[in-house]
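Everything below concerns the one structure shown next.
Chain letters run A, B, ... following the sequence lines, proteins first, then strands; residues in each count from 1. Note that this is a predicted model, so its numbers are computed, not measured.
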Amino acid sequence: MNLIWGSLCQEALSILAENAELNEEDGRGIAFRRAEAVLKALPRAVRKLTELKGLPCLGEHSLRIIKASGKAAEVEATKQSERYKALKLLTGIFGVGAKTADRWITMGIYNLQQLQSSGPTLNQAQQAGLEHYEDLNQPVTRAEADHIGEIVRRVVLCVLPGAQLTLIGGFRRYTSRAALDLINIADHLTAKICTDADGIVDILNRGKPTGHDVDFLITHPEEGREVGLLPKVVSLLKSQGFLLYQKTTKNSYLESEDRPTQPSSNMDRFERCFSIFRLKRNPGTTLVKPDTSPRSSSCTQSQSERHSHQESAEVRGNGSESRPKSWRAVRVDLVVSPISQFAFALLGWTGSKLFERELRRWAGHEKAMSLSSHALYDTKQLPESSFRGGDICSPGPGVHPSIREKRLKRPAERPWDTQLWRVADHLGPAFGSDCRYSLESNRQIHWFVTY
DNA sequence: AGCTGGCAAACA
DNA sequence: TGTTTG
DNA sequence: ACAGCT
């Protein structure tokens, strides 16, 4: 089988995975996603099916699909089924998931027209999602991401000089070395393997040319200076007309390390903002670097620049032949992290759902650790005395029992943090197409072939 | 044969 | 509380 | 109703 067939197989498996997810068959969904990821991670084209022997996550069903070169009747039937099409369409609305879509379908709603006419109650996110349906289902280019980044950067620097803005998510290039370091750290082998990455699997190499949203991570080199930053940034963006929708959520992680008894530990740390961003199309400076001298840019300058009359003068597109809108809507996520958690935030916001799931599963199962976008916890060494403050973990399924009991946690030890700092360092430069693939035979692949 | 499959936080 | 989000 | 592990 050649490369083209390979990608056909991936698409086919992706369809089956998506269909399973839309039908709330989570296990099947993840199984097909893994199979897809294994194919995607192959270092070269596969000529014979026998070459797939020994690869993990390719079971009977997935192999059937592959043997049919992705043209299995099952896949075609799925693609053409009215239910699949309707589920895909409806869940394409921001704020609508499989459950809601299923409910609507049983109400006879199969498309947007029927949705509008039969008018079930929509929550705020869904209203915004419906309103910007077209735009939000349009891929976001890297250029658009960078443009948004410039706008956000100005605002952030205005609110907090010295703050750092990092493009994360699918657009960012992550290196295998970064995840390698995480393994090493978990294995208490910090110094050893990270100097020798040879022969180890390529782990996560994104740097996609397009995406479905844009994610930014904001921090400040001085710990604590980032507190309270996000609400200011958001309100400034809002006042400048950049936000069509916004939901800011705060982090329950309470700073327990340096000043345990501070009432300031109760300080709200707004951590994430899910927004719909109003991005001007064809910014006058199309392909030119917007500012070759960004030093001089002050906040007020950018305000007047961005917020000029043209913006408000745009015609709210009514169906009949109107010239294309002067702007488009883009999903933008802002994440604020204290510098001490920066590395974890980077790893936690790769934008790859499968990667996050598999990484955390691996941490928990193989390492008895709990990984979040804030820290890495050793679930074994939970001396009660070393915990204080924050009751973070809501009890429930999926929460590690030891954590559930304590309901308290704190980063395990300082050394972990300092080691993980090197993760952050390594996450920087592009690793390019230096993709190696080596399977430790017959060992489950865990998370590293994901994408 | 039976179990697991990643998480936490917000809204209605 | 169930559903959705990244 | 998929795949791997126990």
Check your understanding: Looking only at atom P, what distance separates B:dG6 and D:dC5, rounded to whole Å?
Key -> 15 Å

Exercise for review: Give the rounded distance in Å between these two atoms: CD1 of A:I276 and P of C:dG6.
Suggested key: 10 Å

Revision key, fill the gap. In whole angstroms, the gap separating P of B:dG6 from CZ of A:R33 amounts to 13 Å

Exercise for review: Just compare C:dT3, D:dC2, B:dG5 and give me whichever is closest to any side-chain atom of A:R357.
Suggested key: B:dG5

Study note, to complete from the structure: Side-chain contact check for A:Q124: nearest option of B:dA12, D:dC2, B:dA10 is B:dA12

Point to revise | Nearest to side-chain heavy atoms of A:F94, which nucleotide of B:dG5, C:dT5, C:dT3 | key: C:dT5

Review point. Over how many whole Å does the gap from A:Q126 atom CD to C:dT4 atom C1' extend?
Key: 9 Å

Point to revise | Polar side-chain atom of A:T91 near backbone of A:L87 as donor-acceptor pair, under 3.5 Å | key: yes

Revision key, fill the gap. Out of B:dG6, B:dA10, D:dC2, minimum distance to the side chain of A:K353 belongs to B:dG6

Review point. Is the shortest side-chain N/O distance from A:R331 to OP1 or OP2 of C:dG6 below 4.0 Å?
Key: yes

Practice item. Ignoring the backbone of A:D215, work out which of B:dA12, D:dC2, C:dG6 is nearest its side chain. Key: C:dG6

Do any N or O atoms of the protein come closer than 3.5 Å to N or O atoms of nucleotides 1-3 of chain B, and which pairs are they?
none

**Study point:** B:dA8 to D:dC2 separation - P atoms, rounded to the nearest Å
**Key:** 29 Å

Practice item. Please report, rounded to the nearest Å, how far the P atom of C:dG6 is from the CG atom of A:L334. Key: 13 Å

Practice item. Nearest whole angstrom, please: distance from the C1' of B:dA8 to the NZ of A:K250. Key: 14 Å

Exercise for review: Please state how far atom CG in A:D213 lies from atom P in C:dT4, giving the value in whole angstrom units.
Suggested key: 18 Å

Practice item. Check whether any side-chain heavy atom of A:I218 lies under 4.5 Å from a side-chain heavy atom of A:S337, and answer yes or no. Key: no

Review point. Counting only heavy atoms not in A:E134, do more than 12 fall under 6.0 Å of its CD?
Key: no

**Study point:** Between A:E18 and A:Y84: side-chain donor-acceptor atoms closer than 3.5 Å
**Key:** yes

Check your understanding: Looking at residues 101-116 of chain A, who's got a heavy atom less than 4.0 Å off DNA chain D?
Key -> none

Review point. Which nucleotide in the set B:dG6, D:dC2, B:dA10 lies at the smallest distance from any side-chain heavy atom of A:F32?
Key: D:dC2

Practice item. Name the nucleic acid region contacted by A:A35, choosing base, sugar-phosphate or nothing; use a 4.0 angstrom heavy-atom cut-off, strictly under. Key: nothing

Revision key, fill the gap. note: A:D333, atom CG; C:dT5, atom C1'; distance rounded to Å ~ 9 Å

Point to revise | Sugar-phosphate, base or nothing in reach of A:G27, heavy atoms under 4.0 Å | key: base

Point to revise | Other residues, nucleotides, ligands: >12 heavy atoms within 6.0 Å of A:Q80 CD | key: yes

**Study point:** Trace of the salt bridge (Lys or Arg N to Asp or Glu O under 4.0 Å) decision for A:D146 with A:R172
**Key:** CA-CA 11 Å; A:D146 289 335; A:R172 185 181 175 87; over 6 Å; no

Review point. Would a distance-only check, ignoring hydrogens and angles, find a side-chain to backbone donor-acceptor pair under 3.5 Å from A:R225 to A:H220?
Key: no

Review point. Should A:L167 and A:V214 count as side-chain neighbours, where that means a heavy-atom distance under 4.5 Å?
Key: yes

Check your understanding: Got more than 12 heavy atoms from elsewhere within 6.0 Å of CD, A:E76?
Key -> yes

Check your understanding: So, is A:S62 close to the D:dA3 phosphate, meaning a side-chain N or O under 4.0 Å from OP1 or OP2?
Key -> yes

Practice item. Under 4.0 Å between any heavy atoms, over every strand shown, what does A:S373 touch: base, sugar-phosphate, or nothing? Just pick one. Key: nothing

Exercise for review: Classify the nucleic acid contact of A:V96 as base, sugar-phosphate or nothing, counting any heavy atom under 4.0 Å across all strands shown.
Suggested key: sugar-phosphate

Study note, to complete from the structure: Residue pairs meeting ring-ring contact (aromatic ring centres under 6.0 Å, His included), one or both in residues 19-38 of chain A, sequence neighbours left out, come to A:F32-A:H61

Exercise for review: Would you mind checking if A:K48 and A:E51 are paired as a salt bridge, meaning a charged N to carboxylate O distance below 4.0 Å?
Suggested key: no

Revision key, fill the gap. Whole-Å distance, A:N123 CG to C:dG2 C1', equals 13 Å

Review point. If you check the A:H212 side chain, which of D:dC2, C:dG6, B:dA12 turns out closest?
Key: C:dG6

Check your understanding: At under 4.0 Å, does any side-chain N or O of A:T249 touch on OP1 or OP2 of B:dA8?
Key -> no

